[in-house]
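In what follows, chains are A, B, ... by sequence order, proteins preceding strands, each numbered from 1.
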Amino acid sequence: MANKIEPKKTPMRERSPQVRVKDFNEVPYGYNDEEAIREAKRCLQCKRPTCVQGCPVEIDIPGFIEFIAQGDFTSAIKRLKEKNILPAVCGRVCPQEDQCEKVCVLAKKFEPVAIGRLERFAADWEAAQGESPIPQLPESTGKRVAVIGAGPGGLTVAGDLSRFGHAITIFEALHKPGGVLVYGIPEFRLPKKIIYGEVDYLVRCGVELKLDFVIGKTATIDQLFEEFDAVYIGTGAGLPWFMNIPGENLNGVYSANEYLTRANLMKAYLFPEYDTPIVRGKKVAVIGGGNVAMDCARTALRLGADEVRIVYRRSRKEMPAREEEIHHGEQEGIIFEFLTLPVKYLSNEYSWVKSMECLRMKLGEPDASGRRRPVPIEGSNYITEVDTVVCAIGQSPNPLIPQTTPDLKIGKWGNIEVDEKTGKTSKKGCWAGGDVVRGGATVILAMGDARVAARSMHEYLTTAVW
Amino acid sequence: MYKVLRREKIVPNIHLLVIESDAIHQNAQAGEFVVVRADEKGERIPLNLVDWDEKSVSMVFMEIGTSTRKLAALTAGDEIATLVGPLGKPTEMVQGKRILCLGGCYGIGALSPVIRAYKEHGNTVITAIEARSAFLLYWQEKLKKYSDEFYEITRDGTQGLQGHVNDFANEYLRTNQVDLVYAQGCTYLTYLTSETTRHRGIKTIVGLNPIMVDATGMCGVCRVIVGGETKFGCVDGPEFDGHQVDWENLLARRKIYLSDEVYSLSFFECETYG
Ligand SMILES: Cc1cc2nc3c(=O)[nH]c(=O)nc-3n(C[C@H](O)[C@H](O)[C@H](O)COP(=O)(O)OP(=O)(O)OC[C@H]3O[C@@H](n4cnc5c(N)ncnc54)[C@H](O)[C@@H]3O)c2cc1C
Ligand SMILES: Cc1cc2nc3c(=O)[nH]c(=O)nc-3n(C[C@H](O)[C@H](O)[C@H](O)COP(=O)(O)OP(=O)(O)OC[C@H]3O[C@@H](n4cnc5c(N)ncnc54)[C@H](O)[C@@H]3O)c2cc1C
Ligand code: SF4
Ligand code: SF4
Ligand code: FES
């Protein structure tokens, strides 16, 4: 049996690095029908599939893959959507190598089944068939739920609860729904039309979407309770961190959030056709080593930079970014400067950043996260020229809601504290999940939290027991 | 989409914009602002709230670049793509104080809800507004309603006192006791005001206008240095103690996109007028 298995994943065709760095179009093409079927046939259809335990929302992985293997794509997508309302998104951005694919039995000897690519295939196939029909809507329960934040978490809660017949209104601060999927993750990794398509489907299913509505300002949570029976807080972790080093407020020094929001949400790469500008630096340094840093670096390249470097204080092994992103970045010519820490930005006579002073680091003892702690090498300071810096060192939850909701219990990082099993906050009728609880995490974890909360919310709405 | 109920030129280059909204009024307070986006391709820009009720919000804006040009071209019945608010912290209220309130250009409009609130809280309000010339002063009657004393200043002397607000403030503070100074308008005006009151040690609150994008504390472009600490203008402000503000940094940061703005405007004019 084993010798019949193709050891490697069916490759996914992608655009060549030289071509793709010139625009914002998506990098991989996705499988066609034959490729998908070929890859699906690599799955052993395990009786006790380990892959399912690796997926935070427990998708029936062998189930949907078997349908693909049989060429029954309609059933494949149906099976996927039982557990995941955003398969086109997760197929693209889930850290599969740390989740479902990591524990696929094939991974012991060979490459695992390309679960993410198959998921993406099924979802894209469905989208290509045109507008999906609306399911039969259940009878209304008369209960109203307010969902705060239209990120993957909020959208999942809305989808789940509307299926039970509750009336849902999503309140979103920005002028577009999607959360980080729209303002943060770039078009070349996740085309916006995928998310808008999913949101449109929710709206057709009767979910009300109120954009340009900031909870904590336009209305507080307590004001929402005058109209709604329950509230879900899925506001993400949108407050950017800075390092508090000299020169960080110079012109040309960005937070990742500003840089990506200008480029993605505001479409600054199409300036001046779109009105929002962005600095098109020639020598760009991106500080940090996660997905956010990789997205900023690859965006800078596409905005026409000659040289983009990732400056990270640990080594490549500790980089939290997904392997696929690092690989794509390397192909595109991003320079990696490991074991390096900026300590100061220097200015030209117009208050623009012109260079940065860095320190070399070495790895010391492991810290609380189990990763070896970087320690500065005395006297290793050096200065390097830059004209744009993007600081991508992390973010925490926005304080607007905590500040205006006194009875909400908040943790030390500004995160909302919840009961893990239900997603309940300290405030009656109020649930939370995703990045606002975890700090910067992942799309699928936000969706998993949302699913747990939706179940608990439904119970509360039908029994009134808190 | 949000319906424009009214857009009219008040004086050259300065317009009133009234937009339909049934949500913003319920929590709106003096000193807060909204973000608007004229159309799908537009930039998000902040404008102070000057008035609000169950059906609408009003702003006064100065026509400068592409975004404000687009707004200036609106007529009743048109729609804009984004309207969100109220945003920012409201003006901190005090009671029973003598407050000198200064405003110029769009800040004359932006001053009106603030002096009204000060007045309603039992303060004595001394208002002074500045423009380049008499024909650019506006809303005198409206502002007088909430002012115990009212002064006009023009740089060319065509109306009221000649000079800048800070010349007036200097004079006024020499002979009158004042507990608090409040200034609203362009950065130059708020800066000059702060420098004028600094050595007298009179607390001075200024409405700042750093560049913004989301205006909810998400991007950090609006950072201003206040008392040596980095603050986010949109959520920690936009009003700050003028004596604590790092003006050099603020003035520099407002120029980040200067050349882009000029380019954007010439592109817009070319697209619009051929
Ligand atoms: C650049 C970048 C790249 C990433 N790449 C990956 C990846 O490859 N794979 C992966 O799994 N994860 C990735 N992540 C992380 C992932 O995007 C997040 O974990 C996920 O989006 C969290 O979902 P959420 O629903 O909790 O919140 P968010 O997606 O943050 O959405 C929150 C929404 O709430 C809105 N909101 C906030 N405050 C208010 C308020 N007061 N009132 C109304 N609305 C409000 C926000 O505007 C936003 O739209 C990335 C993150 C970033 C920033
Ligand atoms: C809290 C706050 C309240 C404000 N209230 C008012 C008001 O009531 N009336 C009014 O006329 N103006 C107000 N402004 C200023 C107004 O936002 C800018 O004049 C406007 O953005 C200019 O846009 P533009 O495209 O027409 O001009 P541009 O040509 O783009 O820019 C002209 C100048 O405006 C500033 N600016 C540009 N883009 C932005 C932006 N996205 N956010 C902030 N500033 C920017 C820049 O410093 C620039 O030098 C306020 C600003 C802030 C921060
Ligand atoms: S949702 Fe993510 S973890 Fe789950 S099967 Fe899909 S790719 Fe794997
Ligand atoms: S563990 Fe791997 S081989 Fe087994 S069912 Fe899951 S995907 Fe298929
Ligand atoms: S405008 Fe983005 S944080 Fe203030």
Distance-minimising heavy-atom pair for B/Asn249 and A/Asn249: ND2-O, 3.3 Å
Portion of B/Leu83 that has a non-hydrogen atom of chain A nearer than 4.5 angstrom: backbone
Salt bridge flag under 4.0 Å for residues A/Glu248 and B/Arg223: no
Spacing of B/Lys41 atom NZ and A/Thr276 atom OG1 [to the nearest 0.5 Å]: 12.5 Å
Gap separating the CG atom of A/Asn251 from the CD1 atom of B/Ile211, nearest 0.5 angstrom: 8.0 Å
A/Phe271 side chain reached by B/Tyr263 side chain, heavy atoms, under 4.5 Å: yes
More than 12 heavy atoms of other groups within 6.0 Å of B/Glu92 CD: no
Part of A/Leu174 lying under 4.5 Å from any heavy atom of chain B: both
A/Tyr196, OH atom: more than 12 neighbouring heavy atoms under 6.0 Å: yes
Shortest non-hydrogen contact between A/Ala219 and B/Gln26, atoms and distance: CB-NE2, 3.8 Å
Under 4.5 Å from any heavy atom of chain A - which part of B/Thr216: both
Interface moiety of A/Leu260 toward chain B, non-hydrogen atoms closer than 4.5 Å: neither
Interface residue of largest heavy-atom contact number with chain B, from A/Leu400, A/Val214, A/Asn257, A/Thr218, under 4.5 Å: A/Thr218
Sub-4.5 Å side-chain heavy-atom contact between B/Glu43 and A/Pro277: yes
Approximate separation, where rounding is to 0.5 Å, of A/Met266 CE and B/Asp214 CG: 10.0 Å
Enclosure of B/Glu195 CD (heavy-atom neighbours >12, cutoff 6.0 Å): yes
Closest non-hydrogen atom pair, A/Pro272 against B/Ser264: CB-CA, 4.4 Å
Chain A contact via B/Ala38 - which portion, at a heavy-atom distance below 4.5 Å: neither
Minimum heavy-atom distance between A/Thr261 and B/Met218, given as atom pair plus value: OG1-CE, 3.6 Å
Flag, side chain of A/Ser255 to backbone of B/Cys219, donor-acceptor distance under 3.5 Å: yes
For the student: nearest non-hydrogen atoms of B/Tyr257 and A/Glu258, plus distance: OH-OE2, 3.4 Å
B/Lys203 atom NZ, neighbour heavy-atom count above 12 within 6.0 Å: no
A/Lys193 atom NZ, over 12 foreign heavy atoms within 6.0 Å: no
Contacting moiety of B/Leu251, where chain A heavy atoms sit under 4.5 Å: neither
Largest heavy-atom contact set with chain B, pairs under 4.5 Å, which of A/Leu270, A/Thr220, A/Leu265, A/Val253: A/Val253
Proximal component of B/Val221, with respect to chain A [non-hydrogen, under 4.5 Å]: both
Part of A/Lys267 within contact of chain B (heavy atom distance under 4.5 Å): neither
Contact origin within B/Glu229 toward chain A - heavy atom pairs under 4.5 Å: neither
Heavy-atom pairs under 4.5 Å with chain A, option from B/Ser67, B/Gly42, B/Ala28 with the top count: B/Gly42
Pairs of heavy atoms under 4.5 Å with chain B: top-ranked of A/Phe213, A/Tyr259, A/Phe242: A/Phe242
Rounded distance (nearest 0.5 Å) linking atom OH of A/Tyr350 with atom CG of B/Leu258: 12.5 Å
Contact leader toward chain B among A/Gly252, A/Pro240, A/Ser351, A/Ala256, where contacts are heavy-atom pairs under 4.5 Å: A/Pro240
Within 6.0 Å of CZ in B/Arg198, more than 12 heavy atoms from elsewhere: yes
Where A/Ile278 and B/Asp260 come nearest, the two heavy atoms and their spacing: O-OD2, 4.4 Å
A/Asp275/B/Arg37 ion pair, N-O < 4.0 Å: no
Polar contact flag, side-chain donor to acceptor under 3.5 angstrom, B/Tyr2-A/Asp212: yes
Heavy-atom pairs under 4.5 Å with chain B, option from A/Gln403, A/Lys217, A/Glu273 with the top count: A/Lys217
